[in-house]
Protein chains: 2
Amino acid sequence: MAGRDDTQTRLDAGEAEDTIGYKLRLAQILAFRGFEQRLTDHGRAPRYLGLLSVIRAHPGKPQSRIAEAVALPRSSFVTILDQLSADGLIERRPSTFDRRVNGIWLTPEGETVVAGLMQEAQRYEAEMTRGMSAEDIACGLRVLQKLIDNLS
Amino acid sequence: MAGRDDTQTRLDAGEAEDTIGYKLRLAQILAFRGFEQRLTDHGRAPRYLGLLSVIRAHPGKPQSRIAEAVALPRSSFVTILDQLSADGLIERRPSTFDRRVNGIWLTPEGETVVAGLMQEAQRYEAEMTRGMSAEDIACGLRVLQKLIDNLS
DNA sequence: GCGATTTTGTTTTACATCGAACAGTTCTGC
DNA sequence: GCAGAACTGTTCGATGTAAAACAAAATCGC
């Protein structure tokens with residue numbers, strides 16, 4: 001009778017099921033895709049919202065610093081900035097201190113787009129965490145931060 | 001003095017910094033890449049270890065069920081199975097009940113490779129979570145599972 | 001039974017991402 | 001000062017991933 005019992009639930013991962021690495025990846029894929037697909041009419045900004053939020057918090061910082069913040073290789077970052085720049089959301093300005101670096105800035109339009117998307121993100125965050133206690137959410141944030149620290 | 005204060009820490013994400021969505025993504029990227037790069041001499045298996053663990057726990061299940069378990073589109077899954085099959089880790093066998101489906105099985109070699117990599121994964125898990133209490137780890141697992149449930 | 005719908009695995013095509021190599025600039029040690 | 005090392009942004013080639021369209025097989029509604 002193999003291959004027959006079609007229960008409706010997702011297949012578990014056996015030994016890997018109780019590991020942070022597995023659940024972390026699965027949760028992230030679902031969260032990221034869900035958020036992106038809910039905002040298909042907003043262009044490329046939703047996919048790179050984290051990145052844009054870093055830029056907003058640190059205007060004028062060099063590309064490499066921002067790429068490092070979101071764990072992106074510098075080479076990948078170039079294409080992404082080209083697109084966001086073509087969409088009128090960000091701007092590269094040559095640094096006055098170091099002729100190698102480009103400072104990255106949000107345009108006024110980028111500022112409003114990011115502000116609007118951050119509200120969407122907060123709504124999405126509420127959906128993702130529905131049914132969790134405030135303590136659990138705080139614990140989740142703490143654990144994720146500790147993972148990031150340990151892996152950096 | 002913009003673009004000058006080069007502190008050594010990672011740039012924060014401003015408003016997004018305290019959101020699960022942002023930290024979840026960053027942690028997952030770091031965890032996944034770190035694990036993969038530590039095992040460059042093990043071919044493609046480390047990248048697809050989660051997937052292989054699902055197959056091991058549910059031998060003979062159709063491709064679509066397994067793809068769904070790890071949130072992969074069926075079309076992406078085909079190429080991956082082709083590679084894992086060429087590496088001798090898995091095997092497709094036509095189902096006797098439904099002539100559309102291929103049941104997926106680990107080969108004997110696949111079985112030993114996955115068993116070995118799962119030990120590596122447990123070691124990596126310990127490194128990721130070093131400095132965390134058992135309660136925090138359990139809470140992290142619970143939160144991640146709840147996220148997966150809410151997003152499914 | 002039988003046509004319409006759904007499901008499964010696949011191909012095709014477009015796009016996203018990464019590593020390696022490169023030129024221009026700055027920094028370091030002396 | 002100056003040669004070598006390190007850093008920044010970029011290009012290029014290779015690989016990974018995803019959406020859409022397709023054929024074969026099973027299921028549903030009647």
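Numbered from 1 within each chain, the chains take letters A, B, ... in sequence-line order.
B/Val78 comes within 4.0 angstrom of a base, heavy atoms only. Note on B/Ser76: a base of the nucleic acid sits closer than 4.0 angstrom, heavy atoms only. Residue B/Glu36 is out of contact with every strand shown, counting any heavy-atom pair closer than 4.0 Å.
With respect to the salt-bridge test (charged N to carboxylate O, under 4.0 angstrom), the residues B/Arg123 and B/Glu120 qualify. Of the charged side-chain nitrogens involved, none lies within less than 4.0 Å of a carboxylate oxygen, so that B/Arg74 and B/Glu68 do not count as a salt-bridged pair. Residues B/Arg38 and B/Glu127 are paired through a salt bridge, judged by an N-O separation under 4.0 Å between the basic side chain and the carboxylate. With respect to the salt-bridge test (charged N to carboxylate O, under 4.0 angstrom), the residues A/Arg93 and A/Glu91 qualify.
Residue A/Gly103 is the one, among A/Gly103 and A/Ile29, whose nearest nucleotide of DNA chain D lies closer to the 5' end (criterion: closest heavy atom). Both A/Val101 and A/Arg33 lie close to DNA chain D; mapped to their nearest nucleotides by heavy-atom distance, the more 5′-ward contact belongs to A/Val101. Nearest-nucleotide positions on DNA chain C place A/Arg44 closer to the 5' end than the other of A/Ser75 and A/Arg44.
Atom P of nucleotide D/dA25 and atom CZ of B/Phe97 are separated by 18 Å, given to the nearest angstrom. Across the protein-nucleic acid pair, A/Lys61 atom NZ and D/dC7 atom P stand 18 Å apart, rounded to whole Å. Between the P atom of C/dA20 and the CZ atom of A/Arg74 lies a distance of 12 Å, rounded to the nearest Å. Rounded to whole angstrom, the span from the CG atom of A/Leu30 across to the P atom of D/dA18 amounts to 12 Å. Taking atom CZ on B/Phe77 and atom P on C/dT8, their separation rounds to 13 Å, with Å as the unit. Between the CG atom of B/Leu84 and the C1' atom of D/dG16 there is a distance of 13 Å, rounded to whole Å. Atom P of nucleotide D/dA18 and atom CZ of A/Phe32 are separated by 11 Å, given to the nearest angstrom. As rounded to whole Å, 11 Å separates atom C1' of C/dG24 from atom CG of A/Asp98.
Side-chain nitrogen and oxygen atoms of B/Gln37 include at least one within less than 4.0 Å of the OP1 or OP2 phosphate oxygen of C/dG19. An OP1 or OP2 oxygen of D/dT10 is reached within less than 4.0 angstrom by a side-chain nitrogen or oxygen of A/Arg92. Between B/Gln83 and D/dG16 there is a side-chain polar atom (N or O) within less than 4.0 angstrom of OP1 or OP2. For B/Tyr48, no side-chain nitrogen or oxygen approaches OP1 or OP2 of D/dG16 to under 4.0 Å. Considering only side-chain N and O atoms, B/Arg47 lies under 4.0 angstrom from the phosphate OP1 or OP2 of D/dT17.
Considering only the side chain of B/Gln63, C/dG9 comes nearest among C/dG9, D/dA26, C/dC18. Listed nucleotides: C/dG9, C/dG19, D/dC7. Nearest to the side chain of B/Pro62: C/dG9.
For A/Arg99 against C/dT25, a side-chain-to-base donor-acceptor contact under 3.5 Å is absent.
Interatomic distance, A/Leu84 CG to A/Thr79 OG1, rounded to the nearest 0.5 Å: 11.0 Å.
Counting only N and O atoms by type, the side chains of A/Glu15 and B/Ser53 include no donor and acceptor under 3.5 Å apart.
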